[in-house]
Novice: 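Have a look at the structure that comes next, please.
All values reported here derive from a predicted model rather than from experimental measurement.
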Amino acid sequence: MRAPTTPASPEAERRQAPTGKPRTRVLRAALSVGVAVLVLAGCGAPASRVSGARTAGEEFVRAVASGDHDAACRLLAPETREALEQEEREACGPALGAEEIPKAGAVRHTEVYGRQAMLRLDGDTLFLSLFGDGWKVVAAGCSPQGEQPYQCELKGG
């Protein structure tokens with residue numbers, strides 16, 4: 001007959017039985033922390049997207065301010081350009097020159113959400129979208145309307 005044995009302590013069982021349970025817990029915890037870090041890192045837009053949107057917005061503002069409307073038109077989103085030309089019944093350059101886009105100053109804040117961006121400048125707000133050939137201005141001359149959507153002088157259809 002066999003002598004009764006006393007149950008081993010949990011620590012002794014972990015040392016004796018290579019079940020991997022303690023390691024599994026550690027790996028799960030590490031994985032959870034890693035996933036949380038990735039999720040939090042994904043909340044912000046990559047610096048290259050923020051920089052690209054900001055650069056395109058600044059180029060548009062400079063082109064409009066200097067009267068280089070053809071250069072500014074190249075920075076417009078296709079639908080915005082088409083809407084402007086249809087509304088004014090002339091080519092984009094002269095049509096853009098006739099618009100009352102406020103004179104904008106320095107960029108105060110840039111927000112990027114995926115393929116969309118909003119640039120708040122001194123005197124204006126621009127909305128941009130990312131296309132295959134870069135960031136393009138979707139709307140300009142925009143001002144907030146409290147709880148309502150922005151009112152924009154220049155926008156697509």
Novice: Nearest heavy-atom pair of Cys73 and Gly93: which atoms, and what distance?
Specialist: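 Scanning both residues completely, I find the closest heavy atoms to be SG-N, 3.4 Å.
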Novice: Say you draw a straight line from CD of Gln86 to CD of Glu79; how long is it, rounded to the nearest 0.5 Å?
Specialist: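 Between atom CD of Gln86 and atom CD of Glu79 there are 10.5 Å.
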Novice: Can you see which heavy atom on Leu96 is nearest to which on Ala72, and at what distance?
Specialist: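 Minimum heavy-atom contact is CD2-CB, 3.4 Å.
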Novice: Would a distance-only check, ignoring hydrogens and angles, find a side-chain to backbone donor-acceptor pair under 3.5 Å from Arg120 to Arg108?
Specialist: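 No: the side chain of Arg120 does not pair with the backbone of Arg108.
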Novice: Distance from Arg81 atom CZ to Arg74 atom CZ, nearest 0.5 Å?
Specialist: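 Taking CZ in Arg81 and CZ in Arg74, the distance rounds to 8.5 Å.
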Novice: Quick one: does Glu85's side chain have a donor or acceptor within less than 3.5 Å of a partner on Cys92's backbone?
Specialist: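 Side chain of Glu85 to backbone of Cys92, a donor-acceptor pair under 3.5 Å: yes, one is there.
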Novice: Determine the minimum heavy-atom distance between Lys155 and Ala139, stating which atoms define it.
Specialist: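 Taking every non-hydrogen atom into account, CB-CB, 4.1 Å.
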Novice: Do Val112 and Leu130 have side-chain heavy atoms sitting under 4.5 Å apart?
Specialist: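 Result no, sub-4.5 Å side-chain heavy-atom pair not found.
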Novice: Minimum heavy-atom separation for Val107 to Arg54, with atom names?
Specialist: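 Looking at all heavy atoms of both residues, the closest pair is O-NH2, 3.5 Å.
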Novice: Of the non-hydrogen atoms in Gly141 and Leu126, which two are nearest, and what is the gap between them?
Specialist: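 Smallest interatomic distance, heavy atoms only, reads N-CD2, 4.5 Å.
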Novice: What is the minimum heavy-atom distance between Gly57 and Leu119, and which atoms define it?
Specialist: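 Taking every non-hydrogen atom into account, CA-CD2, 3.8 Å.
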Novice: Taking side chain as C-beta onward, heavy atoms only, is Asp124 less than 4.5 Å from Val61?
Specialist: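 Of all side-chain heavy-atom pairs linking Val61 with Asp124, none is under 4.5 Å.
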Novice: Should Leu121 and Val137 be counted in the same cluster of Ile, Leu, Val, Met, Phe, Trp and Tyr side chains packed under 4.5 Å apart?
Specialist: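 Both belong to a single hydrophobic cluster.
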Novice: Could you check whether any side-chain heavy atom of Leu128 comes within less than 4.5 Å of a side-chain heavy atom of Val138, counting everything from C-beta outward?
Specialist: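 SC-SC contact between Leu128 and Val138 ruled out.
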Novice: State, yes or no, whether a side-chain contact exists between Trp135 and Arg49 at a heavy-atom distance under 4.5 Å.
Specialist: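 A side-chain contact exists here, since the closest heavy-atom pair is under 4.5 Å.
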Novice: Examine distances only and state if a side-chain atom of Asp122 and a backbone atom of Ala104 form a donor-acceptor pair shorter than 3.5 Å.
Specialist: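 No; judged by distance alone, with no hydrogens or angles, the pair does not exist.
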Novice: Is there a donor-acceptor pair under 3.5 Å between the side chain of Gln145 and the backbone N or O of Ser143?
Specialist: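 Yes, Gln145 side chain to Ser143 backbone: donor-acceptor pair under 3.5 Å.
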Novice: Backbone N or O of Ala47 within a donor-acceptor pair of the Ser51 side chain at under 3.5 Å?
Specialist: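 Not a single qualifying donor-acceptor pair exists.
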